[in-house]
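In what follows, a structure is listed as structure tokens, so that the remarks can point back to it.
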Amino acid sequence: MDNAITLDGLVVDRGGRRVLEGVSCAVPRGTVTGLLGPSGSGKTTLMRAVVGVQTVSSGTVTVLGRPAGTAALRRQVGYLTQAPSVYADLTVRENVRYFAAVHGRGRADADRAVAEVGLTEAAGQLASALSGGQRSRVSLACVLVGQPELVVLDEPTVGQDPVLRADLWARFHELAAAGTTLLVSSHVMDEAARCDRLLLIRQGRLLADDTPDGVRAAAGVTDLDEAFLRLIRATEARAGREES
Ligand SMILES: Nc1ncnc2c1ncn2[C@@H]1O[C@H](COP(=O)(O)OP(=O)(O)OP(=O)(O)O)[C@@H](O)[C@H]1O
């Protein structure tokens with residue numbers, strides 16, 4: 001299978017603590033892959049390593065066939081951080097048109113990206129006058145307007161209303177169907193069910209790398225939340241046996 005991302009034995013230390021403990025996995029091209037795990041499990045750190053902004057202690061991260069962070073990848077990889085990065089003194093439309101221009105896209109592309117995140121009606125408003133959820137969507141539009149081959153989204157739907165969340169997930173799948181690869185973090189299990197594949201991470205270790213159905217089958221339950229719990233318990237029981 002053609003992979004957009006391959007991690008091999010990725011170890012990351014932050015603030016003198018090991019936060020990724022040798023993660024190996026792959027993200028196939030043209031999929032929506034969910035990165036799921038509780039707060040502090042290492043999702044953002046893993047994404048930072050994929051984008052190439054995280055110092056790694058050992059292991060390799062290969063993105064679109066090149067080492068993560070390579071200059072050639074800059075225009076091919078889009079990254080939405082948890083903190084929206086928009087210009088407060090520009091309108092929604094101006095923000096997205098600016099990022100469109102940076103990526104060699106036109107005004108029509110910018111307006112389409114604004115519509116895709118449900119902000120057409122707010123297009124003329126200054127970013128400083130938006131709610132946090134709206135600002136986050138402007139940031140998302142700024143990422144998508146560049147039409148990157150790989151889109152890395154850190155909790156893109158936090159604080160969004162359910163209808164909008166459903167629309168955004170539908171858009172993610174349209175992009176994947178057109179060949180884009182999306183790595184999307186979340187700690188909400190109902191979003192996990194919407195993914196083609198799941199990476200389940202806890203305390204810096206990968207617990208599962210499978211489809212949602214594969215995760216359910218491995219745990220022997222239909223509810224993904226319960227499946228995740230069972231995988232955690234099984235992993236802890238195994239670790240306990242190895243220690244004794
Ligand atoms: N700048 C930093 N310096 C030192 N340690 C950090 C730093 N940022 C995060 N960490 C630690 O790294 C670990 C993993 O954090 P990370 O942000 O990757 O988790 P996460 O799964 O994305 O959490 P959340 O869902 O809350 O965003 C945590 O223990 C956190 O305290």
Side-chain angles (χ1 to χ4, degrees), residues 4-27 32-63 68-69 77-86 131-133 135-140 142-143 150-160 162 164-165 168-169 172 181-195 197-210 212 215 224-233 235-236 239:
I5 304 170
T6 309
L7 306 186
D8 190 6
L10 177 64
V11 175
V12 174
D13 298 297
R14 293 182 88 175
R17 245 173 28 86
R18 184 139 296 185
V19 298
L20 291 180
E21 309 233 11
V23 175
S24 298
C25 60
V27 173
V32 181
T33 295
L35 180 56
L36 274 288
S39 186
S41 55
K43 302 182 297 296
T44 299
T45 304
L46 191 152
M47 290 186 147
R48 285 168 50 86
V50 167
V51 175
V53 296
Q54 177 66 54
T55 304
V56 309
S57 302
S58 61
T60 59
V61 184
T62 308
V63 174
V77 179
Y79 179 36
L80 178 78
T81 63
Q82 277 181 32
S85 41
V86 293
S131 71
R135 251 198 312 277
S136 158
R137 278 186 277 147
V138 180
S139 231
L140 178 60
C142 292
V143 171
L150 170 65
V151 181
V152 179
L153 304 176
D154 200 349
E155 308 212 3
T157 60
V158 166
Q160 309 297 350
L164 204 66
R165 278 191 341 154
L168 289 174
W169 277 92
F172 298 161
T181 307
L182 295 97
L183 179 63
V184 185
S185 76
S186 173
H187 44 247
V188 191
M189 281 298 159
D190 76 322
E191 297 199 326
R194 300 178 191 261
C195 296
R197 294 193 62 83
L198 294 175
L199 300 172
L200 298 181
I201 186 173
R202 185 166 186 265
Q203 295 177 343
R205 293 177 196 274
L206 196 67
L207 297 188
D209 172 3
D210 209 334
V215 170
L224 269 178
D225 231 335
E226 180 62 26
F228 197 8
L229 254 177
R230 288 192 183 196
L231 285 172
I232 291 170
R233 291 203 181 112
T235 310
E236 284 175 352

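Nothing here was measured: the structure is a model prediction, and the numbers come from that model. Start at 1 and go down the list; that is how both ligands and their atoms are numbered.
- In terms of protein heavy-atom proximity, atom 1 (N) of ligand 1 is closest to R14 NH2, 3.5 Å.
- Enclosure of atom CZ in R165 by more than 12 non-hydrogen atoms of other residues, nucleotides or ligands within 6.0 angstrom is indicated.
- Residues S186 and L36 form a side-chain contact, since some pair of their non-hydrogen atoms from C-beta on lies under 4.5 Å apart.
- Close contacts between ligand 1 and Q82 involve ligand atoms 27 (O) [criterion: under 4.0 Å to a heavy atom].
- Side-chain atoms of L150 and V27, non-hydrogen and from C-beta on, never get closer than 4.5 Å to each other.
- Among protein heavy atoms, the minimum distance from atom 12 (O) of ligand 1 is reached at V19 CG1, 3.1 Å.
- The closest approach between S41 and ligand 1 falls below 4.0 Å for a heavy atom of the residue.
- Polar contact with ligand 1: present for G42 (N/O pair, distance under 3.5 Å).
- Assignment of M47 to the shell around ligand 1 is not supported, since no heavy atom sits closer than 4.0 Å.
- Scanning all protein heavy atoms for the shortest distance to atom 26 (O) of ligand 1 gives S39 OG, 2.6 Å.
- Residue-level proximity to ligand 1 for P38 is carried by the backbone, the only part with a heavy atom below 4.0 angstrom.
- The shortest side-chain heavy-atom distance between E155 and S185 falls under the 4.5 Å cut-off.
- When side chains are defined from C-beta on, Q54 does not count as touching V61, because their heavy atoms never get closer than 4.5 Å.
- Less than 4.0 angstrom separates some heavy atom of T44 from each of these atoms of ligand 1: 17 (O), 18 (O), 20 (P), 22 (O), 27 (O).
- Side-chain contact between Q203 and E21 is absent, with no heavy atoms from C-beta onward closer than 4.5 Å.
- Checked against a 3.5 angstrom limit, the closest N/O atoms of G15 and ligand 1 fall outside it.
- Contact check for I201 versus L20: side-chain heavy atoms found under the 4.5 Å cut-off.
- If you number the atoms of ligand 1 from 1 as listed, the ones under 4.0 Å from a heavy atom of R17 come out as 13 (C), 28 (C), 29 (O).
- Annotation for ligand 1: atoms under 4.0 Å from non-hydrogen atoms of E155 are 25 (O).
- Two residues are said to be in side-chain contact when any heavy atoms from C-beta on lie closer than 4.5 Å; P156 and V184 meet this criterion.
- Within the listing of ligand 1, atoms 25 (O) sit less than 4.0 angstrom from a heavy atom of H187.
- In terms of heavy-atom proximity, L10 sits nearest to A49 at CD2-CB, 3.9 Å.
- For atom 23 (O) of ligand 1, the closest heavy atom belonging to the protein is G40 N, 2.8 Å.
- Both the backbone and the side chain of T45 come within 4.0 Å of ligand 1, counting heavy atoms alone.
- The contact set between ligand 1 and K43, taken as ligand atoms under 4.0 Å from a residue heavy atom, comprises 18 (O), 19 (O), 20 (P), 21 (O), 22 (O), 23 (O), 24 (P), 25 (O).
- No side-chain heavy atom of V158 sits less than 4.5 Å from a side-chain heavy atom of S136.
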